Every structure is written in structure tokens, then in C-alpha cells.
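When a residue number appears, it is its place in the shown sequence, counting from 1. Being a predicted model, the structure only gives us computed values, none of them experimental.
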Amino acid sequence: MPVTRSAEDSADGTFRIVSSNFEGNGIGDPGRRRAMHATITDIGPGILLRQECDKALANNRKLLYEDEAALGLRGWIGPKKGKTKQLTGIFVDQSRFRCVGEWRDKAVWNQPPTTLSLKVDDCAVPFIASSVHASYSSPARRRLEAERWTTLNDKAATVPGASRAYDRDRRKTPVYMIGGGDWNSYPEPGLDHVRLPDWNGIDDEQHIAHRSVLDAHGRRIADSYPDKILRTAGLEDIARHAVHTNGAARRQALAPTCGVEWQGGRQRVDRIYASRPLLPASAEVKVIEVDWSDHDVLVATVKTQEFIEILKRTWQLALAA
């Protein structure tokens with residue numbers, strides 16, 4: 001396997017978590033697949049969240065193994081549901097991250113997420129990483145999917161040396177999470193000043209039905225309910241956090257990732273969320289434009305030591321209880 005930039009990131013105290021919806025997994029177009037491999041390898045993710053891993057498990061997992069060899073990462077593919085062709089996946093740099101468990105949940109999903117319990121470097125405290133591809137056509141289903149995903153931010157750990165997963169005040173020892181992907185919906189308006197579609201100017205009736213909802217006054221608005229649900233459950237959009245707290249360049253962090261003008265223009269439908277206590281560890285968020293997919297690539301840089309210290313504090317509190 002090639003050496004990725006993740007090892008270099010380790011030296012400068014960071015790792016990258018990357019989200020990429022690779023249209024159709026590049027099936028039938030080796031040139032697009034090579035271009036994807038080149039871009040992702042150059043970015044050097046520690047954790048790669050993939051969507052549209054079509055046929056990754058077909059032909060004795062040929063495409064999955066091809067991706068692993070080209071990227072230098074170990075890959076996991078999420079559950080397949082019914083006749084769904086579009087699978088999710090996570091690829092991990094095993095020189096830095098160890099998988100200690102999988103969460104395989106089909107429940108309400110059209111395209112079930114890939115969800116792993118991981119440990120970073122020599123840290124004994126696990127965290128959850130999850131790759132999501134929300135329904136493209138149903139606001140109601142996306143709401144259910146977002147609600148289901150929040151359960152990953154509601155896990156309690158059993159800490160070695162502590163008597164139970166709860167302290168005497170019935171507070172959980174939390175397992176924090178980070179993840180995201182293609183939400184096929186929008187950030188809540190007014191929070192990051194990104195222009196949302198003007199539904200009066202769109203004549204694609206199917207797209208209107210798929211991506212908008214009616215508010216309490218009967219006005220048609222962009223579907224931002226998944227974003228609201230995740231934030232209510234203690235998960236924050238790290239790009240928005242970077243802009244508001246870290247002085248990150250707004251244009252770089254909040255750049256749109258997908259869309260066409262006749263459907264309301266390019267929008268920020270690809271987003272990475274993290275448990276709120278993990279946010280101080282985020283360093284930078286940016287979008288890399290690509291020509292090998294209909295979605296650009298979202299890259300978040302995380303400060304490793306701060307990330308680890310935040311994880312360790314949860315166990316320290318449990319042991320002190």
C-alpha cells in the first residue's frame with residue numbers, strides 16, 4: 001500500500017477526516033477512479049467517509065480491495081438494504097486508527113450508514129465515526145434518518161476500573177462521535193449566511209418535492225430539519241463552528257459542495273458533524289473542488305492531542321466518581 005499524508009499529519013499533530021460522495025463509485029470509468037484515488041491520496045485522510053460505494057462488494061469485493069490498495073487505507077462497507085445499489089463506507093489509516101467495533105443499523109435508512117468504533121494512536125478511549133447518505137427524495141425519511149443517527153451520540157461507555165457506565169448522579173460516561181456525508185438537505189438558514197434556493201424560481205417540480213417543505217404558515221422553505229435535529233441532540237456542524245470560533249476563512253469552510261443552477265444553485269449538502277465537546281479539537285475545514293464527481297470533497301483537520309485529551313477526560317470523570 002502507498003504511504004499517505006496521514007503519517008505526515010501525525011508528525012504535525014493533526015489528522016484529517018474527509019467526506020466524499022464519489023458518483024456511482026466511478027464504475028465503468030477507470031480514469032475517474034484513478035483521479036479519485038490521486039486526489040484522496042494527496043489529501044491524506046486518517047478517516048475517509050465515503051458515499052456511493054456502488055458494487056463495492058460485488059465480484060469478490062474487487063472494487064473495495066482496489067480502493068484499499070490505491071489509497072493505503074483499510075475499508076469497511078455498511079449494510080446493504082434491499083435492492084439499494086448505493087452503499088456507504090469508511091476507510092481508515094490503520095497506522096493511526098484501530099477499529100474496535102461496528103454498528104450495523106438498517107432501521108429507517110434507505111442507504112444505511114457505515115459506523116465504526118475507533119481508537120486513535122495510543123488512546124484507550126474509543127469514539128464513533130459514521131458515514132451517512134441521507135434519502136435524496138423524502139424530507140420525511142431524512143427527518144427519521146437524522147433522528148436515528150442522533151442515537152449514536154447517546155452511547156454510554158463502561159470504563160475499565162469504574163463500577164458502571166453511569167455515575168451516582170446517573171450521568172452517562174459518553175462515547176463521542178464524529179461523522180457525516182451527503183445529507184441531501186440544507187443547513188438551517190441564518191446560521192452561516194449561505195444562500196439557499198429560491199423555490200419560486202425553480203421549475204423542477206420533482207426537486208421541489210424532494211428538497212423543500214412547508215412551514216407553519218404554508219410557505220415553501222428549504223428542508224433544514226436534519227440540521228436542526230442533529231444540533232438539538234448535541235451534534236454541531238464543524239464547518240460552521242470553524243467559521244464562528246476559530247477565525248476560519250468563511251469562503252473556504254462554508255463553500256458549497258454540490259448542485260446545479262436550475263435546481264437552486266450549488267449548496268452545502270455535504271456536512272461533517274461532531275459531538276459538541278469535540279469541537280475545540282477542530283482546526284480547519286475546507287472544500288476541494290473536483291471534476292471526477294458531482295460532489296466536491298469536504299476536508300476537516302483535527303488537532304490530535306486536543307482530541308485525545310477530550311476523550312480521556314470522559315474516563316477520568318468516571319474513575320473519579
Side-chain angles (χ1 to χ4, degrees), residues 15-19 21 47-49 51 78 88 90 103 105 107-109 111-118 120 125-135 139 141-157 171-192 194 222-246 248 253-254 257 267-285 287 298-303 306-307 310-311 313-314:
F15 68 85
R16 291 183 177 88
I17 180 165
V18 175
S19 180
N21 181 331
I47 302 170
L48 170 63
L49 311 173
Q51 300 85 47
T88 60
I90 295 182
W103 306 77
D105 177 21
V108 302
W109 302 90
Q111 299 153 130
T114 303
T115 304
L116 306 178
S117 290
L118 299 174
V120 57
V125 184
F127 67 96
I128 293 171
S130 186
S131 174
V132 170
H133 195 173
S135 171
R141 183 174 289 275
R142 284 195 296 271
R143 194 178 304 193
L144 291 173
E145 291 172 338
E147 289 170 347
R148 184 71 178 183
W149 205 61
T150 65
T151 64
L152 295 174
N153 198 41
D154 191 30
K155 304 300 180 186
R171 290 176 301 190
K172 291 183 298 187
T173 299
V175 180
Y176 295 142
M177 68 172 292
I178 188 167
D182 179 2
W183 290 98
N184 276 319
S185 56
Y186 308 94
E188 184 174 358
L191 296 180
D192 52 22
V194 174
D223 177 24
S224 61
Y225 280 108
D227 183 52
K228 295 175 185 176
I229 289 166
L230 298 179
R231 289 188 298 103
T232 299
L235 291 161
E236 291 287 351
D237 174 352
I238 63 173
R240 182 186 295 137
H241 172 79
V243 167
H244 287 291
T245 63
N246 296 348
L254 299 180
T257 58
Q267 299 292 330
R268 205 164 65 84
V269 300
D270 301 86
R271 300 185 297 277
I272 294 173
Y273 292 82
S275 301
R276 200 166 283 128
L278 291 177
L279 293 174
S282 65
E284 179 188 59
V285 181
V287 173
L298 180 61
V299 182
T301 301
V302 177
K303 295 172 283 189
E306 289 193 36
F307 187 83
I310 292 167
L311 295 178
R313 279 199 293 272
T314 64

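Nearest heavy-atom pair across L230 and A146 is CD2-O, 3.7 Å. Nearest heavy-atom pair across R141 and S135 is CD-CB, 3.9 Å. Of all heavy-atom pairs spanning V285 and A239, the tightest one is CG1-CB, 3.7 Å. Minimum interatomic distance between D105 and W109 (heavy atoms only, all atoms of both residues): OD2-NE1, 3.5 Å. The heavy-atom pair separating K303 from P280 by the smallest distance is NZ-O, 3.3 Å. Contact record, V175 with F127: CG1-CA, 4.1 Å, taken as the closest heavy-atom pair.
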Show, in sequence, the C-alpha distance, side-chain angles and deciding distance for L235 and M177, and conclude whether the side chain to side chain contact (heavy atoms under 4.5 Å, CB included) test is met.
CA-CA 9 Å; L235 291 161; M177 68 172 292; 3.6 Å; yes

Would V287 and L254 count as a side chain to side chain contact (heavy atoms under 4.5 Å, CB included) if you check the C-alpha gap in whole Å, the side-chain angles of each, and the deciding distance to 0.1 Å?
CA-CA 8 Å; V287 173; L254 299 180; over 6 Å; no

Let me see the working for Q51 and S131 under side chain to side chain donor-acceptor pair (under 3.5 Å), right down to the final yes or no.
CA-CA 7 Å; Q51 300 85 47; S131 174; 3.2 Å; yes

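Distance check, rounded to the nearest 0.5 Å: CD1 of I90 to CG of L49 gives 5.5 Å. I47 contributes atom CD1, which lies 5.0 Å from atom CZ of F15 (distance to the nearest 0.5 angstrom). For the atom pair CH2 of W149 and OH of Y273, the computed distance is 8.0 Å after rounding to the nearest 0.5 Å. If you take NZ on K155 and CH2 on W103, they are separated by 4.5 Å, rounding to the nearest 0.5 Å. The CZ atom of R142 sits 6.0 Å away from atom CG of N184, with the distance rounded to the nearest 0.5 Å. To the nearest 0.5 Å, atoms CG (L298) and CD1 (I272) are separated by 4.0 Å.
Between the T257 side chain and the D270 main chain, a donor and an acceptor come within less than 3.5 Å of each other. One N or O on the side chain of T114 and one on the backbone of T88 form a donor-acceptor pair closer than 3.5 Å. In this structure, the side chain of S224 does not engage the main chain of P187 through any donor-acceptor pair within 3.5 Å. The main-chain N or O of Y186 is never found under 3.5 Å from a side-chain atom of Q267 such that the two would form a donor-acceptor pair. Without hydrogens or angle criteria, T115 side chain to S130 main chain gives no donor-acceptor distance under 3.5 Å. A donor-acceptor pair is defined here as one N or O able to donate and one able to accept, closer than 3.5 Å; no such pair exists between the side chain of N153 and the backbone of S275.
Under the salt bridge (charged side-chain N to carboxylate O under 4.0 Å, His left out) criterion, R268 pairs with D192, D237, sequence neighbours left out. Partners of Y176 according to the ring-ring contact (aromatic ring centres under 6.0 Å, His included) rule, which considers only residues two or more places apart in sequence or in another chain, do not exist here.
Considering H133, R271, Q111 as possible partners of D182, the one that fulfils the side-chain hydrogen bond (donor to acceptor under 3.5 Å, both in side chains) test is H133.
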